[in-house]
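First the structure, in the form of structure tokens, and then the observations on it.
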Amino acid sequence: MTHHHLAATPQTVHWGRFWSELPPVMTVTPGDRVTIQTFSGREELLPAEGSGMTVAPELRDILAADLPRVAHLLTGPVAIEGAMPGDVLKVEIERIELGADWGFNLVRPASGTLPGEFPVSQKALSLIPIDREAQTCRLPWGATLPLAPFFGVMGVAPAPEWGELTSIQPRLHGGNMDLKLLTDGATLYLPVQAEGALFSCGDGHGCQGDGEVCITALETALTGTFRFDLLKAGTTAIDHPRAETEAELISMGFHASLDTALQIALRQMIAMVRERVEITETEAYQLCSLAADFAITQSVNQEKGVHGRLRKSILESGTVAR
């Protein structure tokens, strides 16, 4: 096992796309750890000099490089040696560290959950100081929020026949999932759809409410340490991203319709339950109604998200397992 470090530079970042033909900036072996640096923010979103908030010179270098820009600033892709379509990429999120003493929240009048209801004349950009030691941020009107950093975007390349996809929507390859449960200690599973898997991440969030209703969270720089493993085809198979923590199973569903996204997340949870205990599909459906919680992950990325949560301890009890 090797521990690699991937700094965010003009040579290792790209703006807002997942693509099977995007050349990897690093290749690692299954079992390796990679610490990946990411940044967020374009020129018009940066704090001014003298504000008490510091813009990293690395971010200024990236912006000055004038790379083609679409959606989110991502670091990668990282290729995993031996990954092939049909495999599952297991991503253990070992540690997420705040990478800046500031972040921003932005209202876009034509976007979000209430498009058109908040005009440009209202203050649309809040620059928010971060206390990295205390793991808190202070809002402009004085409130202090605890931070729980996570990456809004994590994903692999889509299948070659899908072509190039923007990072705006979450899809079967992952992408802009905006799932705040994917913090330290969580494990993400992504279906590999292209050779090498080609993992990229970015869109760092210091904190976020489920729904991410105004279209942004506390957007900030993060550095994450990930351990990559492969579950080879034939040993396991998944067709949607899924996750788990030490205590919970987490299913996901993405669709333009929240109703359909919920149905997908529910079907995924039923499948996850039945992989672990020998009960019927109907019994697993009933268990989800009795014990699983479903919530809106985000309502603003065109493809909306719903996630389900189920405590693992329920499946370990004799009342369920046979």
Side-chain angles (χ1 to χ4, degrees), residues 1-43 45-46 54-83 89-100 102-103 149-158 160 164-168 173-177 182 188 190 192-206 219-230:
M1 181 187 69
T2 303
H3 191 163
H4 309 265
H5 293 266
L6 181 58
T9 71
Q11 292 73 42
T12 63
V13 302
H14 60 281
W15 286 90
R17 57 184 179 147
F18 288 92
W19 189 25
S20 62
E21 296 185 30
L22 198 60
V25 299
M26 175 180 286
T27 299
V28 302
T29 300
D32 284 358
R33 285 184 174 86
V34 186
T35 296
I36 302 177
Q37 182 184 40
T38 71
F39 290 106
S40 291
R42 304 185 183 211
E43 291 87 345
L45 303 173
L46 304 183
T54 305
V55 179
E58 298 96 324
L59 175 56
R60 294 195 186 277
D61 290 343
I62 289 167
L63 296 176
D66 198 26
L67 302 170
R69 299 189 189 186
V70 182
H72 307 89
L73 178 60
L74 306 179
T75 305
V78 175
I80 290 76
E81 193 174 288
L89 180 63
K90 179 181 179 182
V91 185
E92 296 180 48
I93 305 167
E94 295 190 343
R95 187 176 183 188
I96 300 177
E97 300 173 90
L98 293 161
W102 64 279
F150 70 99
F151 291 92
V153 175
M154 291 184 285
V156 294
E164 182 178 326
L165 300 181
T166 80
S167 64
I168 295 173
H173 68 286
N176 195 17
M177 297 176 289
L182 298 179
L188 173 66
L190 296 167
V192 175
Q193 301 176 51
E195 186 173 349
L198 301 178
F199 177 89
S200 296
C201 65
D203 188 29
H205 291 175
E219 311 289 328
T220 191
L222 296 181
T223 296
T225 297
F226 308 91
R227 184 176 184 272
F228 296 106
D229 261 316
L230 281 179

My understanding is that only one of Leu73, Asn176, Thr38 makes a side-chain contact (heavy atoms from CB on, under 4.5 Å) with Asp203; could you say which? Asn176
CG of Leu6 to CZ of Phe199, rounded to nearest 0.5 Å, is 10.5 Å
Just verifying a value: how many Å separate Leu89 CG and Leu230 CG, rounded to the nearest 0.5 Å? 6.0 Å
Applying salt bridge (charged side-chain N to carboxylate O under 4.0 Å, His left out) to Glu97 and not counting sequence neighbours gives Arg95
What pairs with His3 under side-chain hydrogen bond (donor to acceptor under 3.5 Å, both in side chains), at least two apart in sequence or on another chain? Thr35
Tell me every residue that passes side-chain hydrogen bond (donor to acceptor under 3.5 Å, both in side chains) with Ser20, counting only those two or more places apart in sequence or in another chain. none
Can you check whether Met154 reaches Ile93 side chain to side chain, under 4.5 Å on heavy atoms? yes
Sequence neighbours left out, what passes ring pair (Phe, Tyr, Trp, His ring centres under 6.0 Å) with His173? Give chain and number order. Phe18
List in chain and number order the residues that pass side-chain contact (heavy atoms from CB on, under 4.5 Å) with Glu43, two or more places apart in sequence or in another chain; answer none if no residue qualifies. Leu63, Arg69
Which residues pass the side-chain hydrogen bond (donor to acceptor under 3.5 Å, both in side chains) test with Glu81, not counting sequence neighbours? none
If the condition is side-chain contact (heavy atoms from CB on, under 4.5 Å), which residues does Val55 pass it with, not counting sequence neighbours? Leu46, Pro47, Leu59, Arg60, Trp102
What are the two closest non-hydrogen atoms of Pro10 and Leu67, and how far apart are they? O-CD1, 3.7 Å
Can you name the residues that form a side-chain contact (heavy atoms from CB on, under 4.5 Å) with Ala8, not counting sequence neighbours? Val13, Gln37, Phe39, Ile62, Thr75
Let me confirm one number: the CD1-NZ distance from Ile80 to Lys90, rounded to the nearest 0.5 Å. 14.0 Å
For residues 29-42, which residue pairs pass the salt bridge (charged side-chain N to carboxylate O under 4.0 Å, His left out) check, not counting sequence neighbours? Arg33-Glu94
What's the separation between atom CG in Leu182 and atom CE in Met177, rounded to the nearest 0.5 Å? 5.5 Å
Do you know which two heavy atoms are closest between Thr220 and Ala100, and how far apart they sit? OG1-CB, 3.9 Å
Test side-chain hydrogen bond (donor to acceptor under 3.5 Å, both in side chains) applied to Arg227 - qualifying residues, sequence neighbours left out: Glu92, Asp229
Sequence neighbours left out, what passes ring pair (Phe, Tyr, Trp, His ring centres under 6.0 Å) with Phe150? Give chain and number order. His205
Supply the atom-to-atom distance His4 NE2 to Thr29 OG1, rounded to the nearest 0.5 angstrom. 6.0 Å
With Ile168 via side-chain contact (heavy atoms from CB on, under 4.5 Å) - residues at least two apart: Ala71, Thr166, Gln302
